[in-house]
Number of protein chains: 2
Amino acid sequence: MKMDKKKAVLQSYEMVRDKILNGQLQSGEKITEEKLAADLGFSRTPIRDAIKRLEYEGLIINKKVVKPTDKDLRNIFQVRMLLEGYSARCAAIYSSADQLSTLAECVEIGKSGSYDEIMDANEKFHQIIVQTSGNDRLIDTINRMQSIIYLFRKTVVFYNRPFLIEEHEDIFNAIRDRQPERAEELMKQHLEKDLDFCLHLINSQN
Amino acid sequence: MKMDKKKAVLQSYEMVRDKILNGQLQSGEKITEEKLAADLGFSRTPIRDAIKRLEYEGLIINKKVVKPTDKDLRNIFQVRMLLEGYSARCAAIYSSADQLSTLAECVEIGKSGSYDEIMDANEKFHQIIVQTSGNDRLIDTINRMQSIIYLFRKTVVFYNRPFLIEEHEDIFNAIRDRQPERAEELMKQHLEKDLDFCLHLINSQN
DNA sequence: TTACATTATTTTGTATACAATTTATCTATA
DNA sequence: TATAGATAAATTGTATACAAAATAATGTAA
């Protein structure tokens with residue numbers, strides 16, 4: 001049996017990322033390699049790599065935990081609309097029976113699941129659709145935005161955005177009925193509403 | 001006066017990248033940190049960082065210089081069509097007088113410039129259009145693909161693809177005449193032709 | 001006091017040594 | 001000969017020390 005201890009870089013990356021995502025490291029907070037290294041019990045070397053990866057994902061900028069502005073949020077969602085809209089179109093054309101039934105499951109769980117289950121199902125819903133594009137570049141681009149997206153998806157689900165599940169269902173139906181144009185359009189609208197909801201929340205909080 | 005010697009990471013990154021782009025490091029070739037370090041006269045530490053960055057850009061995969069397949073090429077161009085198509089639309093709506101005249105210049109140089117000038121002008125043409133989106137995420141996503149795109153743009157210009165300049169001119173006209181739909185459509189068609197040309201070249205060479 | 005220059009201090013960049021892991025080579029056995 | 005296992009070689013991962021650079025603090029002249 002293989003123990004496969006995770007390497008220090010990976011551990012560091014995941015720990016720091018999670019600290020950012022759950023708020024232990026707050027927006028705007030300064031990151032220093034040495035401090036983190038001491039904190040996590042590794043040397044600076046793997047920490048550096050981890051930070052670089054987080055910078056790559058946009059969670060850290062200039063050694064500071066990112067504080068996404070309205071504009072950032074809009075930008076991210078604009079890219080998502082383009083790429084995921086296209087993906088939804090692909091899903092309507094190419095998705096397999098398996099993929100369809102998994103999508104259906106996600107919609108169901110969205111209606112009746114627990115908080116965590118809903119979180120997972122929603123993420124999976126989008127993920128499967130993106131997969132159907134069969135385009136690794138596209139998938140990679142979306143994945144890179146995933147952490148920041150997660151930051152907001154949490155908000156959306158936590159505050160229980162109205163019609164979210166219904167919209168997923170509509171998208172699913174369009175995909176199942178093989179209506180590419182409609183699937184794309186619905187996905188774009190769906191993301192636009194997510195964006196508006198997020199923006200509204202952010203601006204009412206500050 | 002400030003001397004600002006470039007740091008070893010940056011130097012390494014640029015040197016390795018250029019070696020890949022101009023063929024000194026060939027597709028499929030194995031990269032080892034130590035060998036590169038000895039070659040470039042740095043220690044392994046900055047080399048590692050440089051390699052990681054090249055991996056992010058997709059020029060190195062699994063410690064090997066990337067050998068883009070047809071599928072990779074198609075994937076990249078699909079993403080470009082989505083993002084640059086959208087950008088062309090933005091350009092038709094938002095571009096400034098300055099941006100327009102620079103675009104016009106690029107088209108002109110494309111008609112009468114030297115090989116190097118044409119290369120630069122073509123790159124600039126696309127870059128300006130992408131800028132008009134005002135979306136840093138989108139710009140960043142395109143820039144990350146830039147190295148690999150460059151690899152192919154060289155081919156396209158070198159073999160003097162027919163109608164390339166004419167297509168740029170058409171796109172420019174649509175932008176200047178504030179026709180967003182048309183600009184987007186033309187940009188997509190333009191990229192599709194680039195893709196076909198590249199694919200054709202690649203497959204006739206091997 | 002303000003502004004500037006100078007000095008400390010912190011933080012990052014680089015080199016190097018060693019550990020862990022992966023990959024290649026070799027040998028014994030079926 | 002092929003294959004599994006062991007051993008050696010190459011390569012990567014991590015820790016640490018020191019150099020360079022950036023940032024903060026201090027003092028001094030206007």
Undergrad: Between B:E167 and B:R161, is there a salt bridge with N-O shorter than 4.0 Å?
TA: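 Yes.
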
Undergrad: Between SG of B:C198 and CZ of B:F77, what distance do you get to the nearest 0.5 Å?
TA: 5.0 Å

Undergrad: Could you state the CD-P distance from B:Q11 to C:dA15, rounded to the nearest angstrom?
TA: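 Atom-to-atom, B:Q11 to C:dA15, this comes out as 10 Å.
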
Undergrad: Starting at atom CG of A:D49, determine the distance to atom C1' of C:dT12, rounded to an integer number of angstrom.
TA: 14 Å

Undergrad: Indicate yes or no: does B:K6 engage B:E14 in a salt bridge with an N to O separation below 4.0 Å.
TA: yes

Undergrad: Between A:K52 and A:E55 (salt bridge meaning N to carboxylate O under 4.0 Å), is one present in this structure?
TA: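 No salt bridge links A:K52 with A:E55.
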
Undergrad: Testing A:V16, A:I31, A:T32 for side-chain contact (heavy atoms from CB on, under 4.5 Å) with A:I51, which one passes?
TA: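 Of A:V16, A:I31, A:T32, side-chain contact (heavy atoms from CB on, under 4.5 Å) with A:I51 is met by A:I31 alone.
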
Undergrad: How about B:K111: does its NZ atom have over 12 heavy atoms from other parts shown lying under 6.0 Å from it?
TA: yes

Undergrad: Would you mind telling me which of D:dT12, D:dT14, C:dT12 lies closest to the side-chain atoms of A:A8?
TA: D:dT14

Undergrad: Could you state the atom-to-atom distance from CG of A:L10 to P of C:dT21 in whole Å?
TA: 14 Å

Undergrad: Taking the side chain of A:T45 as its heavy atoms from C-beta onward, which of C:dT14, D:dT16, D:dT12 lies nearest to it?
TA: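 Side chain of A:T45 sits closest to D:dT16.
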
Undergrad: What integer distance in Å separates A:I47:CD1 from D:dG13:P?
TA: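 Roughly 16 Å, once rounded to whole Å.
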
Undergrad: Could you tell me how far apart B:N62 (CG) and D:dT11 (P) are, to the nearest whole angstrom?
TA: 15 Å

Undergrad: With the threshold set at under 4.0 Å for non-hydrogen atoms, list the residues of residues 30-44 of chain A touching DNA chain C in residue-number order.
TA: A:I31, A:T32, A:E33, A:E34, A:R44

Undergrad: Can you tell me the distance, in whole Å, between the NZ atom of A:K6 and the C1' atom of C:dA20?
TA: 18 Å

Undergrad: Taking NZ from A:K63 and P from D:dA21, how many angstroms apart are they, rounded to a whole number?
TA: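 Checked: the NZ to P distance equals 15 Å.
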
Undergrad: Output the rounded distance in Å from CZ (A:R48) to P (C:dT11).
TA: 14 Å

Undergrad: Do the side chains of B:R53 and B:D49 get close enough for a salt bridge, i.e. N-O under 4.0 angstrom?
TA: no

Undergrad: How do A:K7 and A:K52 order along DNA chain C: which one's closest nucleotide is nearer the 5' end?
TA: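 The residue whose closest nucleotide sits nearer the 5' end is A:K52.
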
